[in-house]
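Here's the structure, in structure tokens; my notes come after.
This one's a predicted model, so the numbers in the text were calculated from it and none came from an experiment.
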Amino acid sequence: MSSMATDFSVQRNFANQQRYWSIGQTIRGEWHMDALNTAYAWFCYYNRGKFTNNLTAAAKDPATTPSAIEYRNRGAISFSQLSFGWKRYIAGNAFAEEGVNVYGLAGFGLLFGKVLNNHNTGIDTALYEVPVLSGRSKFNRLTLDLGLGVEAPVGGDLFIYGECKSYVPVSTFPNRYLLNDKYTPFPALLTIGVRVLFQ
């Protein structure tokens, strides 16, 4: 047997200096190996989360005047993600017709991110070292996806659920457009959704 699920998500990114809120959606296919164990694949996407930083560009040469420039960066990050993993029921099961089910999620994902930075003043990067570059860039991450969910049947083969989950970066690639590229993004997510069981 299998299920299809979709949910609405609220995301809070906790990466240092790039904290923001955004909303998104997940579409998930589930393949029930038995009543307690399920393999899943999901695709999710999130709108652009915005943040602002007050930064300092330091002169590369001590003889440069001024020696530093204070500026403001207005940034935005959005991403989509593909994940494959395992869903394990701790209480109840995938086919329960009454009661409350509790389950855990664990998987690995590939995250596709976009970042946009706008500086409030022009800075000559030949003379100054800037913490982040102005403009657009893309970045990818491998992620460890962890979550805990609760669901309840509402009639027939329909279930409603809520989840708390996170995508933990397990790879990093240097990117001059991200302030904290090693841990960006580092989101916590709350979701509410619907699962339909196909028998």
Side-chain angles (χ1 to χ4, degrees), residues 1-16 18-49 77-114 139-173 180 182-199:
M1 286 190 285
S2 62
S3 293
M4 286 295 296
T6 185
D7 61 53
F8 170 80
S9 301
V10 176
Q11 176 199 164
R12 174 63 170 170
N13 184 42
F14 287 99
N16 188 35
Q18 293 174 133
R19 292 186 175 141
Y20 63 79
W21 292 95
S22 70
I23 58 174
Q25 182 185 13
T26 303
I27 299 170
R28 183 165 71 208
E30 300 184 353
W31 296 269
H32 305 295
M33 294 175 283
D34 55 42
L36 299 180
N37 296 285
T38 296
Y40 73 76
W42 78 45
F43 176 77
C44 63
Y45 56 93
Y46 295 88
N47 74 334
R48 189 178 289 172
I77 291 175
S78 63
F79 67 82
S80 57
Q81 191 224 26
L82 182 64
S83 178
F84 300 92
W86 177 52
K87 177 180 176 181
R88 168 74 181 186
Y89 282 85
I90 303 165
N93 63 74
F95 316 128
E97 297 181 356
E98 59 182 23
V100 175
N101 303 323
V102 180
Y103 57 87
L105 297 163
F108 287 99
L110 180 57
L111 183 147
F112 309 93
K114 297 178 181 179
F139 61 95
N140 297 327
R141 295 285 184 271
L142 296 175
T143 60
L144 173 62
D145 308 325
L146 302 171
L148 185 65
V150 177
E151 71 175 7
V154 292
D157 295 325
L158 192 65
F159 298 77
I160 59 170
Y161 66 87
E163 294 174 349
C164 177
K165 55 189 178 183
S166 182
Y167 312 144
V168 181
V170 294
S171 70
T172 183
F173 305 97
N180 189 3
K182 186 175 181 181
Y183 298 108
T184 299
F186 193 25
L189 306 111
L190 291 176
T191 72
I192 185 166
V194 176
R195 176 172 71 92
V196 180
L197 176 65
F198 298 99
Q199 302 196 45

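- Residues Trp31 and Met33 form no side-chain contact, since every pair of their non-hydrogen atoms from C-beta on lies 4.5 Å or further apart.
- Taking CG of Asp7 as the start and OG1 of Thr26 as the end, the distance is 4.0 Å to the nearest 0.5 Å.
- Listed for the Ser166 side chain is a donor-acceptor partner under 3.5 Å among the backbone atoms of Pro187.
- With hydrogens and angles disregarded, no donor-acceptor distance shorter than 3.5 Å links the side chain of Ser83 to the backbone of Ala41.
- Residues Glu30 and Met4 have side chains not in contact (no heavy-atom distance under 4.5 Å, counting atoms from C-beta outward).
- Between Trp86 and Asn37 there is a side-chain heavy-atom pair separated by less than 4.5 Å.
- Between Val10 and Phe8 there is a side-chain heavy-atom pair separated by less than 4.5 Å.
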Given Phe186 and Phe14, is the ring-ring contact (aromatic ring centres under 6.0 Å, His included) satisfied, shown in steps?
CA-CA 6 Å; Phe186 193 25; Phe14 287 99; 7.7 Å; no
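- Judged by distance alone, the side chain of Asn13 and the main-chain N or O of Gln18 form a donor-acceptor pair under 3.5 Å.
- Phe43 CZ: more than 12 foreign heavy atoms inside a 6.0 Å radius.
- A side-chain donor-acceptor contact under 3.5 Å links Arg195 to the backbone of Ala94.
- A donor atom on one side chain and an acceptor atom on the other are found under 3.5 Å apart for Gln11 and Tyr20.
- Arg141 contributes no side-chain N or O that, together with a main-chain N or O of Pro185, makes up a donor-acceptor pair within less than 3.5 Å.
- Applying side chain to side chain donor-acceptor pair (under 3.5 Å) to Ser3 and the options Lys87, Arg28, His32 leaves one that passes, His32.
- Residues Tyr46 and Gln81 have side chains that never bring a donor and an acceptor to within less than 3.5 angstrom of each other.
- A heavy-atom distance below 4.5 Å is found between the side chains of Phe108 and Leu144.
- With no hydrogens or angles considered, no side-chain donor-acceptor pair links Ser9 and Gln25 at under 3.5 Å.
- With rounding to the nearest 0.5 Å, the separation of CG in Leu105 from OG1 in Thr38 is 9.5 Å.
- Under the 3.5 Å distance criterion, the side-chain polar atoms of Ser171 are matched with a main-chain donor or acceptor of Leu142.
- Side chains of Glu151 and Tyr103: a donor-acceptor N/O pair is absent below 3.5 angstrom, by distance only.
- Under a cut-off of 6.0 angstrom, the local environment of CZ in Arg48 is sparse, with at most 12 non-hydrogen atoms contributed by other residues, nucleotides or ligands.
- Using a distance-only test at 3.5 Å, with no hydrogens or angles considered, no donor-acceptor pair links the side chain of Asn140 to the main chain of Phe112.
- Other residues, nucleotides and ligands contribute more than 12 heavy atoms inside 6.0 Å of the CG atom of Leu82.
- Within the 4.5 Å cutoff, no side-chain heavy atoms of Phe159 are placed close to those of Val154.
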